[in-house]
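Worksheet: one structure, shown below.
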Amino acid sequence: MWLQVMEKENTSSFEGFILVGFSDRPHLELILFVVVLSFYLLTLLGNMTIILLSALDSRLHTPMYFFLANLSFLDMCFTTGSIPQMLYNLWGPDKTISYVGCAIQLYFVLALGGVECVLLAVMAYDRYAAVCKPLHYTVIMHPRLCGQLASVAWLSGFGNSLIMAPQTLMLPRCGHRRVDHFLCEMPALIGMACVDTMALEALAFALAIFIILAPLILILISYGYIARAVFRIKSAAGRRKAFNTCSSHLIVVSLFYGTIIYMYLQPANTYSQDQGKFLTLFYTIVTPSVNPLIYTLRNKDVKEAVKKVLGKGSIEV
């Protein structure tokens with residue numbers, strides 16, 4: 001299929017695309033370069049810290065931190081697949097990206113976004129088991145099931161992208177090379193097509209039901225049961241502990257799903273490129289960078305693990 005894509009767009013494969021990005025606002029580009037670079041470094045540092053802590057501290061060898069480490073690795077991959085090209089285009093006058101580079105970027109942006117949708121639903125189920133079935137938690141969330149659930153998340157996202165990315169790239173563009181975005185994103189590439197894209201948009205919406213809406217429904221159902229269980233707890237300390245267990249995940253879900261639903265569940269003809277650029281900027285650089293902060297600042301176990309690792313480091317020095 002990818003060979004057909006390459007043959008169909010033979011000319012574009014050599015010339016590539018022009019990522020317009022924010023070139024119409026040159027005064028913003030230097031500011032955005034500094035902001036994006038800062039958030040990217042913060043994303044790498046924060047998520048690498050979560051992964052290392054989850055591996056080094058035995059107290060974090062639990063399903064919750066196994067999934068959190070998956071989320072951190074996912075965020076690192078997502079940002080690394082998109083931000084370096086963005087920084088290159090913001091820094092200088094060259095706004096081009098090769099056809100192969102655009103295809104790879106589109107595939108991984110779609111794939112990793114889909115993985116995160118399903119992974120957040122898996123994490124919600126983990127929190128449901130922890131709050132609603134505490135006595136059976138270790139039996140329910142055994143290591144084999146955790147591995148299977150994580151595999152489902154990764155396979156779902158990459159499978160969805162394997163369908164949508166080639167279909168998007170095969171759209172005739174009648175020689176148009178200017179992508180009114182700073183990434184090779186599906187809505188922007190569909191908007192370049194010079195043919196009717198209703199069938200592709202219908203396919204995208206159908207797949208989004210399984211990749212975006214179905215996980216969101218599962219998250220809402222899980223938190224419905226969690227809320228009912230929390231209200232049944234008589235002690236204020238118990239309710240506070242249960243709330244703290246889930247609040248970090250709820251914040252991450254709200255940040256991620258708020259932008260994704262707006263981006264991918266509206267028709268292309270109502271899609272505002274300026275809004276799309278800033279929303280993409282938000283979930284590309286802001287959300288992955290604040291996830292570690294949200295989980296660290298609101299999580300006693302992670303803060304204790306940081307103190308333990310730093311304490312050991314200072315003793316060894």
Side-chain angles (χ1 to χ4, degrees), residues 12 14-50 71-113 116 168 173 176-192 251-252 254-256 258-260 262-264 266 268 271-294 296-297:
S12 295
F14 291 102
E15 296 177 344
F17 295 97
I18 299 170
L19 296 173
V20 176
F22 296 98
S23 57
D24 58 335
R25 300 178 179 88
H27 59 284
L28 272 180
E29 289 196 316
L30 182 58
I31 298 172
L32 284 173
F33 179 87
V34 175
V35 171
V36 171
L37 179 61
S38 301
F39 273 101
Y40 181 49
L41 295 176
L42 184 62
T43 298
L44 294 180
L45 177 63
N47 286 291
M48 183 61 74
T49 300
I50 294 291
L71 180 64
S72 293
F73 178 70
L74 167 66
D75 284 339
M76 289 176 61
C77 292
F78 185 82
T79 52
T80 301
S82 55
I83 287 183
Q85 178 70 44
M86 191 192 309
L87 290 172
Y88 174 79
N89 290 343
L90 286 172
W91 179 252
D94 186 8
K95 310 298 181 185
T96 60
I97 182 172
S98 69
Y99 183 86
V100 174
C102 184
I104 292 172
Q105 189 177 80
L106 172 66
Y107 178 74
F108 280 100
V109 166
L110 279 176
L112 296 172
E116 184 153 358
T168 302
R173 289 180 291 274
H176 297 157
R177 296 177 54 218
R178 292 172 62 85
V179 182
D180 193 10
H181 216 297
F182 52 81
L183 292 177
C184 286
E185 262 221 327
M186 189 175 72
L189 291 175
I190 291 177
M192 293 171 60
I251 295 171
V252 171
S254 301
L255 288 173
F256 180 77
T259 52
I260 289 295
Y262 184 86
M263 287 283 294
Y264 288 97
Q266 62 173 326
Y271 183 78
S272 167
Q273 287 295 347
D274 284 338
Q275 287 179 335
K277 289 176 189 179
F278 285 104
L279 283 171
T280 302
L281 200 63
F282 182 82
Y283 82 75
T284 302
I285 67 168
V286 177
T287 304
S289 64
V290 300
N291 283 354
L293 293 176
I294 292 169
T296 301
L297 295 176

Value rounded to 0.5 Å, distance of [atom1] in [X] from [atom2] in [Y]:
X      : Y      : atom1 : atom2 : answer
Leu189 : Asp180 : CG    : CG    : 11.5 Å
Ile97  : Ile104 : CD1   : CD1   : 9.0 Å
Ser82  : Glu185 : OG    : CD    : 9.0 Å
Ile31  : Leu90  : CD1   : CG    : 11.5 Å
Phe78  : Asn47  : CZ    : CG    : 12.5 Å
Leu37  : Ile285 : CG    : CD1   : 10.5 Å

Taking all non-hydrogen atoms of both residues, which atom of [X] and which atom of [Y] are closest, and how far apart?
X      : Y      : answer
Val20  : Arg178 : CG2-NH2, 3.6 Å
Met86  : Thr284 : CE-CG2, 4.1 Å
Phe39  : Ser289 : CD2-OG, 3.0 Å
Arg173 : Thr168 : NH1-O, 4.2 Å

(request) Can you establish whether the number of heavy atoms outside Phe73 located under 6.0 Å from its atom CZ is more than 12? (result)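 Result for CZ/Phe73: open.
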(message) Checking Thr80 now: which residues fulfil side chain to side chain donor-acceptor pair (under 3.5 Å) with it, not counting sequence neighbours?
(response)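 Only Tyr40 meet the side chain to side chain donor-acceptor pair (under 3.5 Å) criterion with Thr80.
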(request) Output every pair passing salt bridge (charged side-chain N to carboxylate O under 4.0 Å, His left out) with a member in residues 75-91, not counting sequence neighbours, ordered by first then second residue. (result)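 Those involving residues 75-91 do not exist here.
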(message) Val290 vs Val286, test: side-chain contact (heavy atoms from CB on, under 4.5 Å). Steps then yes/no.
(response) CA-CA 6 Å; Val290 300; Val286 177; 4.2 Å; yes
(request) Report the C-alpha distance between Cys184 and Leu19 in whole Å, list the side-chain angles of each, state the deciding distance to 0.1 Å, and finish with yes or no for side-chain contact (heavy atoms from CB on, under 4.5 Å). (result) CA-CA 8 Å; Cys184 286; Leu19 296 173; 4.1 Å; yes
(message) Does any part of the side chain of Leu87, heavy atoms only, come nearer than 4.5 Å to the side chain of Ile83, both counted from C-beta?
(response)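 Yes, side chains in contact.
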(request) Answer whether the closest heavy-atom distance between the side chains of Leu71 and Leu74 falls below 4.5 Å. (result)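 Yes, at least one pair of side-chain atoms sits under 4.5 Å.
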(message) Show, in sequence, the C-alpha distance, side-chain angles and deciding distance for Leu281 and Leu32, and conclude whether the side-chain contact (heavy atoms from CB on, under 4.5 Å) test is met.
(response) CA-CA 10 Å; Leu281 200 63; Leu32 284 173; 3.8 Å; yes
[X] side chain vs [Y] backbone, donor-acceptor pair below 3.5 Å:
X      : Y      : result
Gln85  : Phe182 : no
Lys95  : Asn89  : yes
Asn291 : Val252 : no

